Protein chains: 2
Amino acid sequence: MSDTPSTDRGALPDRSAGSAAFSPLYQQIKGLLLQSLDRGEWKPGEAIPSELELAARFQVSQGTVRKAIDELAAENLLIRRQGKGTFVATHHEAKVRFRFLRLTPDDGKPVASGSRILDCRRVKAPADVAALLELRSAEAVVNLRRVLSFDQAPTILDDIWLPGAVFRGLTAESLARYRGPLYALFETEFGVSMVRADEKIKAVPASPEQAELLQVETGSALLQVERVSFTYGDRPMEVRRGVYVTERFHYRNSLN
Amino acid sequence: MSDTPSTDRGALPDRSAGSAAFSPLYQQIKGLLLQSLDRGEWKPGEAIPSELELAARFQVSQGTVRKAIDELAAENLLIRRQGKGTFVATHHEAKVRFRFLRLTPDDGKPVASGSRILDCRRVKAPADVAALLELRSAEAVVNLRRVLSFDQAPTILDDIWLPGAVFRGLTAESLARYRGPLYALFETEFGVSMVRADEKIKAVPASPEQAELLQVETGSALLQVERVSFTYGDRPMEVRRGVYVTERFHYRNSLN
DNA sequence: CAGTGGTCTAGACCACGTG
DNA sequence: ACGTGGTCTAGACCACTGC
């Protein structure tokens, strides 16, 4: 099996001629790794095979695998740990959590948090939610409403929409029993890994209902955050509309 | 000059023994490149020397220089252009602008923007601003206030603080004549490149003065953004407190 | 055509974590 | 001692840009 440069690479397309749609080898490897992640071949928190193993599997050099993994690590899908291996990112870790929870106390002191489920129902998707989730109109979705409290003070009111086909069996009871971040639950119970999210933020006056639930005055200024979260392959898997009380908290962001 | 692995590397410290503070070669190269950028050896918009030239200058392989540049490019300090070279990032480009201007129209249609300078004075730094800019208390700062309008509608009210020692000669008149983003002006007139910024966001009710300037009702909800901007080496160079009208605009953000 | 960054390889050695 | 990822090198070839 002594190689020549044009050895067969199995699933990989031939690249010897300047093909019309040129894609670097490491990008193709990255795609294959993404497929494996999506397929659940390696679960969140687990180690993926070593670089040498992957290089052998794909019939490329270690350096090429390395570059593919580098990009996935830069996107926070994988986490490299020197001496130990490369691991699938998981929301069962404080670090990942803070990537998605941007509201932090003004004084920086850590707070105790609690969640109260208001509501969890299966309904037909409203048109706007269906569009954002790329579902057919009126397809089934799960609608979840909750209040998050920090140091006993109600601070976040969330209105969450999930594709019904994927999240069947999600009930208010199962949620009430669960402690920890929602996205961690989604991983372990439904095999859905949230990988990226887009947010649109506005300042809005509190509606009477919001004011009541968050124990603020009607009309007081709230931070409104509309989030669409994506799994592997940029598939939208959650729409989340939240309003935040920013009296003693702020939304932090870094511009790079 | 045929090399042996332990050839002298000029300015670079000897790494042959397992040194106490181990730092990879490419990190040291990155540091040297950063110094050159900070010193202004290569100006924003200009090309830096080719990878091979830099490799020769620093007496390392092209691959090592490449990795240093890769990191600087990932941090948006440098921009690689295949076939042309590697360039110093500049705010004289639409792309860079949108990294720092996160307010966008809800309907996505582009808007005409205009700036009105309210005020530009040299004053003694308030304690909080001095702390954020890492200045001694009561040191001189420039305080600049302006209103940005989108499609003729006043939308952003900014209160900006700059270190007086660096921004001497910045006046309301020079600003009034200038068209374009502030950060581009800072680059060409004062040699200050903004590279990164941290923001803290809240929802607040409009004060009577803010309401008047932004033509909204007193007490209506505004998005409040406190930004600290940094140059090379994470040196704070601007404090900017803005309030945004988010009636027809939103602050967009991506969580990765 | 020459020069730039981009890809790919192969191999040596280092630092880290675990037995 | 071993296996992992991390660094560094040298060299070949590819793709893009501009003269």
Side-chain angles (χ1 to χ4, degrees), chain A residues 1-7 9 12-31 33 42 46-56 58-74 78-88, chain B residues 1-9 12-31 33 42 46-74 78-88:
Chain A
M1 278 265 276
S2 70
D3 283 328
T4 69
S6 55
T7 296
R9 283 203 170 94
L12 271 28
D14 185 11
R15 294 165 49 257
S16 44
S19 59
F22 165 76
S23 171
L25 238 195
Y26 76 87
Q27 286 289 359
Q28 303 175 40
I29 304 298
K30 183 182 171 187
L33 292 174
W42 314 303
E46 290 181 8
I48 70 172
S50 76
E51 296 179 351
L52 279 173
E53 279 181 78
L54 291 170
F58 298 128
Q59 296 287 102
V60 300
S61 77
Q62 185 190 9
T64 300
V65 170
R66 167 169 285 274
K67 183 143 187 184
I69 293 179
D70 276 346
E71 292 209 349
L72 292 170
L78 296 176
I79 299 170
R80 320 189 75 137
R81 284 199 250 271
Q82 182 172 154
K84 302 182 73 172
T86 300
F87 298 78
V88 182
Chain B
M1 276 278 271
S2 72
D3 282 329
T4 71
S6 55
T7 295
D8 176 43
R9 284 206 170 91
L12 271 29
D14 185 13
R15 295 165 49 256
S16 44
S19 59
F22 166 76
S23 170
L25 237 196
Y26 76 87
Q27 286 287 0
Q28 302 175 40
I29 304 297
K30 182 182 172 187
L33 292 174
W42 313 302
E46 290 181 5
I48 71 171
S50 77
E51 296 179 349
L52 280 173
E53 278 181 79
L54 290 168
R57 176 196 301 195
F58 298 128
Q59 296 285 103
V60 299
S61 77
Q62 186 191 9
T64 300
V65 170
R66 166 168 285 272
K67 184 144 188 185
I69 293 179
D70 277 345
E71 291 209 349
L72 293 169
L78 296 177
I79 299 170
R80 321 191 75 137
R81 285 199 251 271
Q82 183 171 159
K84 302 181 72 172
T86 300
F87 297 78
V88 182

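Model, not experiment: these values are computed from the prediction. In the text below, chain A, chain B and the rest are named by the order of the sequence lines, each starting its count at 1.
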- Item | 5' priority, DNA chain C, between Gln82(A) and Gln82(B) [closest heavy atom] | Gln82(B)

[X] [atom1] - [N] [atom2] separation (whole Å):
X        : N       : atom1 : atom2 : answer
Leu78(B) : dG5(C)  : CG    : C1'   : 13 Å
Gln28(B) : dT7(D)  : CD    : C1'   : 12 Å
Gln59(B) : dT9(D)  : CD    : P     : 10 Å
Asp70(B) : dG6(C)  : CG    : P     : 8 Å
Arg66(A) : dT7(D)  : CZ    : C1'   : 8 Å
Ile48(B) : dG3(C)  : CD1   : P     : 19 Å
Ile69(A) : dT4(D)  : CD1   : C1'   : 11 Å
Leu52(A) : dA10(C) : CG    : P     : 12 Å

Is any side-chain nitrogen or oxygen of [X] closer than 4.0 Å to OP1 or OP2 of [N]?
X        : N       : result
Thr86(A) : dG5(D)  : yes
Arg81(B) : dG5(C)  : no
Arg80(A) : dG6(D)  : yes
Lys84(B) : dC16(D) : no
Lys67(B) : dT7(D)  : yes
Ser50(B) : dT4(C)  : yes

- Side-chain touch Thr86(A)/Trp42(A), heavy atoms, less than 4.5 angstrom: no

- Query: If you take all heavy atoms of Arg80(B) and Ala73(B), which pair is closest and at what distance?
  - Reply: CG-CB, 4.0 Å

- Closest approach of Tyr26(A) to Ala68(A) (non-hydrogen atoms, all atoms of both residues): O-CB, 3.4 Å

- Quick one: pull up CD1 in Ile48(A) and CG in Leu78(A) and give me the separation to the nearest 0.5 Å. 5.0 Å

- Task: Give the intermediate values and the outcome of side-chain contact (heavy atoms from CB on, under 4.5 Å) for residues Leu54(A) and Ile69(A).
- Result: CA-CA 10 Å; Leu54(A) 291 170; Ile69(A) 293 179; 4.1 Å; yes

Choose from [options] the nucleotide whose nearest atom is closest to any side-chain atom of [X].
X        : options                 : answer
Tyr26(B) : dT7(D), dT4(C), dG6(C)  : dT7(D)
Leu25(A) : dT9(C), dA10(D), dG5(C) : dT9(C)
Pro24(B) : dT4(D), dC8(D), dT7(C)  : dC8(D)

